[in-house]
Structures are given as structure tokens and as C-alpha cells.
Amino acid sequence: MPDNVIKLIQITIMLALLIPIAAMLVWVERRLIGIWQDRLGPNRVGPFGVLQSFADLLKILGKEDWVPPFADKLVFVLAPVIGAVCVLMSFAVLPFSPDILIADLNIGLLFFLAMASLAVYSVVLAGWASNSKYALLGGMRAAAQTVSYEVFMGLSLMGVVLLAGSFNLTEIVLAQQHGWFIQSQFVGFVVFFIAGIAESHRLPFDLPEAETELTAGFHTEYSGLKFALFFLGEYLGVTLISCMSVVLFFGGWLMPEPLDNWLPPFMWFVLKVSFFVVFFILLRTALPRPRFDQLLGFGWKVMLPLALLNLLVTALLSLLEVL
Amino acid sequence: MTTIPLMHVLILASTLFGIGFVGVIVRKNALFMLMSLEVMLNATGVAFIGAGATWQQADGQVMFILILTLAAAEVAVGLALLICLQNKHQTLDVDVLSRLKG
Amino acid sequence: MNANPLVILFYLAALIAIVASIKVVTRNNTVHALLYLVISLVAVAVCFYLMGAPFAAGLEVIVYAGAILVLFVFAIMLFGLRQDETRLAPKNTGFSVWLGPCVLALCLLAELVYVLQHDGIQAQLSATVVDSKQVGILLYGPYLLAVEIASFLLLAGLIAGFHFAKPREQGGDL
Amino acid sequence: MILALLPFYPLISAMALLTLGKRLPWFLASVLSVTSVLASAISTAILMSQLAIQEQGAIQVTLWSWFSLYGNGEVPVNVAFNFDALSAVMCAVVSGVGFLIHLYAAAYMKTDDNFHRFMAFMNLFIVAMLILVLADNLVLLYLGWEGVGLCSFLLIGFWYQSKENVAAARKAFIVTRIGDTSMAIGLFWLFNSLGSLNIESVNQLAIQTWQTGDNTVFWIALLLLGGAVGKSAQLPLHTWLPDAMAGPTPVSALIHAATMVTAGVYLIARLHDVFILAPEVMTIVAMIGALTLLLAGIAALFQYDIKRVLAYSTMSQIGYMMLALGAGAWSAGIFHLMTHAFFKALLFLTAGSIIWALHHEQNIYRMGGMFKRLPVESILLTIGLVCLIALPGTSGFFSKEAIIAELWSSPTAGPVFWWAAIIGAFITSIYSCRLFFLVCLGTARNTVNLEPTMHIAFKVALFTLAMLSLIGSWFYADLTPWFSAEITKTTNDPAWLHVIAIVTPFIGLLFSWFYFSGFRQGDKQQISQSGKNLNEKTFYLFCHRGLGIDRLYQVLLVTPYIRLSQLNRKDIIDGAVMLLAWYTHLFKEVWQSSQNGHLRWYASAFALGFVLLTAGWLL
């Protein structure tokens, strides 16, 4: 069973890497925003404050694991775990490079979508189990928002599936050898990326946790390790969406011919992903938060028709063998 | 590789169906009845997929997709009705909501 | 018997599905029941995958668990249904309520199993994967009419849902 | 073409009146309804002149094919009209007298709220009556027959707000229904035997098919006679007519004196070939006529309502017609029908005028002295009564004498019937005198102010009718040739018969002159005593109530029926039906209890059904 052992090792390495990366993203975000806003940000712990996240981690681990007495205990505990697990599971189907891939599922894309849709439960159940007004409102917002945006997230990806002819992510990447799908699927990418932001509840779509309105939304009652799990989930989500964007629209580990050999494929992948992660973070500083009805209206009235149109045009063009 | 006998799949489907069925009959709460109905629908899906897989035909999955559509429409209408009932009668107890009797 | 891990996984998932379904039916707490339903559905999705229907498995999770049941959660949140309040009614407590339906269901099950046994189904599930492309070709070929009908059904569901849930000016009847 | 449209002018008018209703002003409505009948009358006149010129005995027209009795085109029943001598006379009476009565009614009913409805019904009646007399086949005849029955019902109950009127209308309808049922059976039988319903062919086929005295034809004739008896208010179905006087007076004049009640006479005359084949029935007809004429005459002696006197008189005169028919004197019967229509319409309308003038006073004991108060009406009434009594020179004289002359030696009648007719004539003159004395002579026992105006329409109608009553016999068309199957007389009558017949009315006059001297001189005591007697003395009461026939029916039929229905309140036959209902109800209870509205119950029922079904299939 050497095969299985290799897989196990890969999984372990993946987890060992991903969780610290997610933790580091917190620091990256704070520093970057600090810089953009012309201030310092965390810079005391370690060089440039690199160890800030570890300090936070230590602090969180030291806190009392407290569950509010009015909460539904089982669901309350389960909710953050679902979130983190779903996001982590999605990474299993991501082809980081031709070699580094845990599960080469033939329905990889569907699996990603499935996990994304299951991740809703995390937020919704957290809001419900907390048994408090703000949390419930946050949960309901999350449910409405996620269900709405999930629809055209799936639809926007169908153009890619159509062109690649497969749900398998590796095959999708390989299909981009002669040109990234961003060229033909620019609209699809825009829709997907916006939906991705909404799915990971990042600004400007962070209404489920809008602190000016709902204290902290669905995780108002959370603290300690469980709170940390939510946080982890969010940053892992950011990373995941970035990874998916790269895989689906930007050729994954592939690079055009001259650049191809400069770096190993995995490094190209990491570089591309980093770009999107930073883009994600900088979005937060750049955009205001819409009203909730605006959010839903935008989703159903603009994004959904756009995604459908994109799919229709793509289908038509591929039928005429233009693409 | 040992494969799964169709028999077992069908027994799984029957069992799920039976469980959902008991739920529909026993539960008084319309919401639970709806959930039990979902279990039953799901059981039929299992049977279809099992049959489709046995003959390596996609028809089973097509039927499953149709079931899925049905379930979606059913739940949308069903829940809307439940909300109306809740607003009007402040209860979802189907034993109380028996005004349509003969 | 040469136990293939995937086959064992199938039986495991089936068992989980059955147990979770039983929990769905017996729980008092709506959200707990719903969570068990999600677990049941995901377990069934695993079964689908192992039965060589990955597309169906994906749809099961995305559409069923990810959309339809979220609708349930949404509804529960709107109602504020924490517990099944109907269980407080004196009539619906105890074993006797469950007895009749359970016997009925067992009869049904016994009959079904008997029929299956009687017909002597020896077929084995083939390990071959029926992928989404085949499904798609079938859907938009011979089943096109069914697709159209399903789309009408969904439209009807949309309109009905909208009609029922829209706020009324003054206590309109159902 | 003229014939085709003949019955339909009043129909158009009736439709217009019913649809436009009160939007039509009185003048337009009355002009419409009256002229429509006038149009029919003029058409009749034109047709009669044509008929006189042309060779063959009838003008025929087929409008459309109504239906076919076997559904395959065989034995078609057409809406077709046949205008022959008999129809011509009837048409002339119906449309002519009908026109005059319409004219009168338009003025008489002017103030009524439902004037339009009234005139529409009247028009409708004329339509039905014309269809009846013109019908080429028996089905169409039956349509008209029932149509006039319906209109009669509607018009008797015209003032439906009053309970008695409704009861009278119902009575008329139900009693005539008995006759109509009998007639319908007779028609079915006739068709079954002869395979045709066309009147002409029926008459021909009857002669070819049956021997005289055949059993079948006896029963058919008897059944048809039942219809005639019902419609013409003869014994034993006569009881509805006096009550029918509850309707407005023009209705009494038109329907219950001049036209509809003579339909029975017309029917028998029309099917004379059938009746001739059944001499026993002819005798029965004569018997019925004789009995009715005597009974109605006696009853007329004891009435205080002027209209009821006239109603009984009508019955009595139709009795004469029946007598004539029974004796085979078709032509005389029809002649009397015509003259009777004239003078009886005149009598009714005059009575209506008097009633109108006296503010709806109908009791003759409260009249009196009308010669001074209402001279014109009184003279008209006198003319009518003179005709009724059949004093020589009047139209009634000629027609009645014609009948009486035929009786003695008729093979189906005989001396007994002759004597009955003579006694009837005697009684006629007595009750006529009584009426005349009580109304016109003596002193006024009613001091109300008279209704002032006598409408011009009244005058036209009344004077025309009076003229016709006096000289109506000039129009006597001898139909004898037309009734080819006239029964030949066996012996010549003795001369003294005529003398007695002519003298009898005068004897009656003389008798009344002395017997009713109190009435004549206005002896108030005697008059009021006589009025009281009608209500108090048993014999008077008995006669006043139509010789107790109504009472007899009450005792023999109505009371037992009511008793029976009370006994059978929980209808036994209905019980069988109710068993079914109960059974259904039981099942309803059972199934209803299953429809308890409990969703879970339904789901369990599903489950149980499925389990049992599968089990059944497995076993």
C-alpha cells in the first residue's frame, strides 16, 4: 500500500502548510492594509511582526472554551468545524502541480461546488445555534446570500467546463495549454470571482458579519478556539477561491512557453495564487459595503443574467467551433 | 473487485423509504412531514441510481435529476405554504389543521 | 470474502444513511433533525459515488444538501421553530404512536424484500462509471420533453412560492 | 303566404310586449297587440274569400318539418296549416271576436300595472288558438291545445297576488289536465292504429280501417272525448269553469266563453269521421251535452255573481253544442258555436262594463235599476240575453233551433235528448230573466258613484258584438256539405216539435215574469231573502255550488286522496327510494368519517392500501 501512504503524507503536509498559511494571511492582511492606509500595522512580534499570528494563536488557545448557556451546544460546536472542514476538503481536489494532487476526482469541480454549498451550514447553523438576535440575523443573511450567489457561481463555471469538456480540474488545467480560459471566459471569471468573494463573506460582501450593524454577525457569541476556526475558515476560503480562479481561468501551474521553465510548476501556481490573495485583501480597503437588498438585487438581476448569457454565448460559439 | 449486489441497493432504498414513510405518518408537525417526504424521495433516487448503475445506463441518473427537480419545486411550494399556515394559525400541527375534513 | 475497501465504504455509508434517516424521523429538535437529514443525504451521495454515479452524487450534495435543505433551515429560522411544539400534545407521546406505522412500514419492507428475493435479482452493480456526459446526452436527447416539463414544474414552484409568501394587505385567506 | 303568417302576428306582438314590457307606453302597447289580432282577422277574411272562390275545399301550407315520428323521415310531423271551411269558421270566430275583445281589454286593463303582461298573454292565447284550429295534424293541434291551456292558466291567475285566483288557475289547469291526458292517450292509440297523425288522412284511414262500432274506435273516440270534455267544461270535468271567472273579465269573455272552451267541440267536429264510427260514443257525447246543459242551467239559477251566471250559461250552451255533435248535427253545432261566441262575448263584456262602472261589484243582488243608471250597458245586456234565450230573429234562435231540430230523429240521439234540450231552453230563459230582472230592473241597490267614462274601445267592441249577436245568423255558412259523413235522418220530424221549440223560451219568459215578480218590481225584502237563501238554505246552497259536483269530487276524490297522502306521509314507495338514500347516507357517513382532514390518517390509508395491494398481488 505505498500508494496510500504517499497520499497520507501528502495530506499531512497539506494540512501542515495550509493552516499556518491561513494564519499568516491574517498578518499579511493587517500589514498590507496598514501600509495602504499609511500606518504601521502589527510589527512588534518578531521581524516585521511576522510572529504576530503565532502570538494570537497562543492567546486564543489559552482562552476558556466557553459555550453560552442559551445556545444549542451540539450545533454551536459543530458549526465552525463544518466550515473549516468543508474548505479544507475542497483543497483535496486542487491540482497544485502535475504531481501534487491528493484526489484526482473526475468530478473535481462539482466536488468543489458541493463543499462550497455545504459550507453555508457553518454560518447558518452558527447563527441559529447562538440563539441570539444578531447571530440569527447574520445567519439568515448568510443563507440568503450564499444560496443566491451559489447559483451563478456554478453557472459561471459551466463555460469553463464546456470548453474543457470535463469536470476534472487537472484536465481543465491541461486544456489551457494553448491559452488560458480567461481570454474567452472573462465574463465568467468576473462572475465567478464576485461570487467567490460573496461565498467567503469578504468585503464588500461581508454582510453576515457586518460589525457596524450586527456586532459580529453569526459569530457574535463565539470565542476562543471556535472563533479561531471561523477565522481560519475565512482565510482558507480566500485562499481556496484564489486557487480555483487560478486553476480554472489562469492555467493553474502552466505558464506560456518562455516563462515555463524559469520556475517549477508549483511555484508558478503559488505566485499566481498569491497575486489573487493580495487582490482579495486589497479589495477590502478599496470598496464600501452595500445594503443587503442591493446585494441580493445585484446577484439576481445582474450576475445571474450575465452568467446565463455567458454560458449561452460560449455554448453557441463552441457549437460553431469558433472557440 | 467485488461489486455491490443490486439487491442490497434496493434494500437500502426500501429501508430509507420505510423510514421516511413512518415519519410521514407519525409526525404531526408539517415541517417534519416534509422532511420525511424528502427522505422518501431520496430513497427512490437511490433505487433509480442503483438500477442505472447496474445496466450502465445514464437513465437512472436522468430520473434522479428529475426527482431532484421535483423535490426542489415541492419544497419551495411546501415551505411557502407552511409559512402561510404558521402565520395564519400559529401552528404546524396537521391534526389541528384539519379543516378540510368531509 | 475479499473485502474491497470501497465496498465496505458503501455499506458504511448506507448504514450511516439509515441511522441518520431514523434520527431525522425521531428527533424533536428541528435543526438537529435537519442536520441528520444533511448527513443522510451526504451519506447517500457517497453511495452514489461508489455506485458509479459521480454526477448524481455531486448534484445530491449541491442541490439537495446545499440548496433545498438550506431552504429548510431558512424556513425554520423564519418560524423560530426550535422544538417540535406539537409533541407537547398529550396524544402524540409514547410508544403506541410509533407502533402502528412501524409495523406497517415493516410489512411494506418485508413485502418489497420478498418481491426482490422472489424475482431473484442476481445483478451486480457494474463498477463502470456513468459520467455526466452520458447523462447530459440523454437529458437533452430522448428526455428533452421531461426536461421541459421539469422546467415548467420549477416555474410553477417559483410562482406558487412567490404567491404564497408575499405579504398580504389585510389577512387574505390562504 | 297569408295563411302561413296568420297565427304569427300576435306572436310577434306577444314577444315584443314581453321583452319591451313597461318601456312601451300604454297606447303603443295596446295598438300593437290589438292590431296584431286585427291582422290575423283580416288575413282570415282574405283567406275566406279565396276559399269561397277556389274549387278544392282547403288551402294548405307547410311551413317547416317539425320532426318525424320514426326519426327517419317517415311519418313526418310538419308545422303545416290547413284552412278549410271548419277552420275558417273557427278562425273567424277566434280572430274576429278575439280582436273585439282585445280592443275592449286594452281599455279595460289600462290602469293595471301589468298591462303588458296581460296583453302579451292574450296575444299568446290567440296564437295558440289559431294554431289549434289551423293545425294540419294532431300533434300540432295538441301543441295549440296545450298552449291555450297554458294561457288560460296564466290569465286566470293573472292577479296572482290573490290566493283564490291562484287556486282557480291551478284548478283549471289540473282538471283540464285530466282530459288532456286522456286525449294524449287517445292520440297515441290513434297513431298506433292508423300510423298517421295527419287529420285528413286520419279521417280517411279511419273509415277504411274500421267498421262502424269497432271496439278500438270506441275507446279512441271515448278517450278523445275525454279531452274535449275537459277543455269544454262538460260533465264531469266542468268544475273549473265557474272558478275560472276569477280572471279578468276580458279573459272570461275570450277564453272561457268564446273560444277556448269550444275547442272540445272543434276537436270532435274535426275528427267527426272517427266519431261517426263509434255511435255509442256519439250517444255519450249527446248525453254529456244534455246533462251538462241541464245541470249548468239549474246551477245558473242559483248564482249571485254575474260572471258565474254567465259561466254556467256558457257550460249550458256548450252542452247544446255537444248535444248537436252527439246527434251528428255538426253543422248546427258549429253554427251555435259561432253565434254563442258572439252573444256570450257580448254578455261578458257588458257584464264587465257594468262591473267596471260599479267599482268591481259582481253581486247581482247589489245591482238593480241599471236601466236608469247605465242605459247603454243595459240595452246591450238585454240584447245578449235575448240572443241567449233564443227569441226568434236573433242569431241564438237560429242556431239553437237548428240543433233542436236535429235531435228528435237522430239515430244517436232521440226524443229524450230533444226533451232535455227543450227543458234546457226553458231553464235558460228563466235564469236569463232572473239576471235581467235583478240587474236592470227594480231600484238601484247600489248607490256608489258610477265609474264615469265608457271608453271608445268599449263602445266599438260592444256595439259590434251586439250587431253580430243579432244578425250573426246571416253569416251562417252551411257546413253540411263539408261534413260529408253527415248522419242521415231516418224519419221526418213531427211538426209540433218546432212549435214547442219556438214557444218554449216564451213560456220561460212568462214563467219568470210571474215567478220573479219581486225581482222585477225591486221588492227589497224578497231580493235580500233570496240572496240570503243562497247562503243559508241547504237546497239553494246545493244548487248554488253547482249541484254539489264540486262537493262530490271533494268527498270522493280530494278528501280520500288527502287522507291517503296523510296516511302515507312516509310514502311507502318513497320509502324504497329513501332506502337507497339512507344507504347512500350510510356510506356517506362511513366515507365521511374517513375524510377527517387528518393528513396522517390519509398517509396511513395510502400505506395500508399499498401493503394490502402488494400482499394480494403476491398471494
Side-chain angles (χ1 to χ4, degrees), chain B residues 1-7 9-12 14-16 18-23 25-29 31-32 35-36 38-39 42 46 49-50 52-54 56-62 64-66 68-77 79-86 88 91-93, chain C residues 1-2 4 7 10 14 17-18 21-22 24-25 30 33 37 41 44 47-48 51-53 55-56 59 63-64 68 71 75 78-79 81 84 86 92 97-98 101-102 105 108-109 112-113 116 121 123-128 130 134-135 138-139 143 146 150 153-154 156-157 160-161 164-165 174:
Chain B
M1 173 172 140
T2 320
T3 49
I4 310 149
L6 176 61
M7 186 72 193
V9 177
L10 292 179
I11 289 175
L12 169 67
S14 306
T15 314
L16 286 179
I19 292 166
F21 204 74
V22 172
I25 298 176
V26 170
R27 299 309 299 246
K28 295 167 82 174
N29 190 322
L31 195 70
F32 277 90
M35 279 197 250
S36 304
E38 295 308 310
V39 173
N42 202 34
V46 172
I49 297 282
T54 308
Q56 297 176 52
Q57 294 293 318
D59 299 64
Q61 294 188 51
V62 169
F64 174 72
I65 288 168
L66 294 180
L68 216 58
T69 325
L70 174 71
E74 175 223 329
V75 167
V77 178
L79 284 176
L81 274 171
L82 289 195
I83 292 174
C84 285
L85 280 178
Q86 174 79 2
K88 203 169 150 54
T91 183
L92 288 181
D93 188 341
Chain C
M1 181 168 141
N2 181 16
N4 185 311
V7 172
F10 172 83
I18 289 170
S21 296
I22 291 172
V24 171
V25 174
T30 42
L37 186 51
L41 291 177
V44 169
C47 289
F48 285 176
M51 281 151 68
F55 187 57
L59 284 184
V63 179
Y64 233 130
I68 297 178
L71 218 58
L78 274 180
F79 299 164
L81 296 173
D84 179 3
T86 59
N92 201 26
V97 187
W98 291 90
C102 282
L108 189 62
L109 196 61
L112 288 176
V113 170
L116 298 177
I121 294 174
Q124 305 272 306
L125 262 62
S126 102
T128 323
V130 178
Q134 285 170 267
V135 178
L138 217 53
L139 258 185
Y143 284 98
L153 182 69
L154 285 174
F164 284 134
L174 240 180

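Below, each value reflects all heavy atoms present in this structure, side chains not excepted, and no hydrogens, waters or symmetry copies.
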Handout entry: C:Tyr143 side chain reached by B:Asp59 side chain, heavy atoms, under 4.5 Å
Key =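 Yes, close enough: below the 4.5 Å cut-off.
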Handout entry: Atom pair CE/OG1 of B:Met35 and C:Thr30 - distance to nearest 0.5 Å
Key =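 Rounded to the nearest 0.5 Å, the CE-OG1 separation comes to 6.0 Å.
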Practice task
Kindly compute the distance separating CZ (B:Phe64) from OH (C:Tyr64), expressed to the nearest 0.5 Å.
Solution key: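 Between B:Phe64 CZ and C:Tyr64 OH, I get 7.5 Å after rounding to 0.5 Å.
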Contacting region of [X] [heavy-atom separation from chain B under 4.5 Å]:
| X | answer |
| --- | --- |
| C:Leu109 | side chain |
| C:Leu37 | side chain |
| C:Phe10 | side chain |
| C:Leu108 | side chain |
| C:Val44 | side chain |

Pick one of side chain, backbone, both or neither for [X], based on which atoms fall under 4.5 Å of a heavy atom in chain C.
| X | result |
| --- | --- |
| B:Ile49 | both |
| B:Leu68 | both |
| B:Glu38 | both |
| B:Ile65 | side chain |

Exercise for the section: Would you mind telling me which of C:Ala105, C:Cys102, C:Ala53, C:Ala156 has the largest number of heavy-atom pairs within less than 4.5 Å of chain B? Expected result: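 Option with the top pair count is C:Ala53.
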Problem - Contact winner vs chain B - C:Cys47, C:Gly161, C:Ala14, C:Ala56, heavy-atom pairs under 4.5 Å - result: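 Option with the greatest count: C:Ala56.
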Can you give me the closest heavy-atom contact between [X] and [Y], atom names plus distance?
| X | Y | value |
| --- | --- | --- |
| C:Val25 | B:Ser36 | CG2-OG, 4.3 Å |
| C:Gly157 | B:Ala76 | O-CB, 4.4 Å |
| B:Gln56 | C:Gln134 | O-NE2, 4.4 Å |

Exercise for the section: For B:Ala72, enumerate each residue passing the side-chain contact (heavy atoms from CB on, under 4.5 Å) test, keeping only those at least two apart in sequence or located in another chain. Expected result: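 Only C:Ile68, C:Leu154 meet the side-chain contact (heavy atoms from CB on, under 4.5 Å) criterion with B:Ala72.
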Problem - Among B:Thr69, B:Ile25, B:Val62, residue most engaged with chain C (heavy-atom pairs, under 4.5 Å) - result: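 Winner by heavy-atom pair count: B:Val62.
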Problem - Most contacts with chain C, counted as non-hydrogen pairs under 4.5 angstrom, among B:Asn42, B:Val75, B:Val39 - result: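 Heavy-atom pairs under 4.5 Å are most numerous for B:Asn42.
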Practice task
Determine, stepwise, if the pair B:Ile19 / C:Ile18 fulfils side chain to side chain contact (heavy atoms under 4.5 Å, CB included).
Solution key: CA-CA 8 Å; B:Ile19 292 166; C:Ile18 289 170; 3.8 Å; yes
Problem - Derivation of the side chain to side chain contact (heavy atoms under 4.5 Å, CB included) call for C:Val24 and B:Phe32 - result: CA-CA 8 Å; C:Val24 171; B:Phe32 277 90; 5.7 Å; no
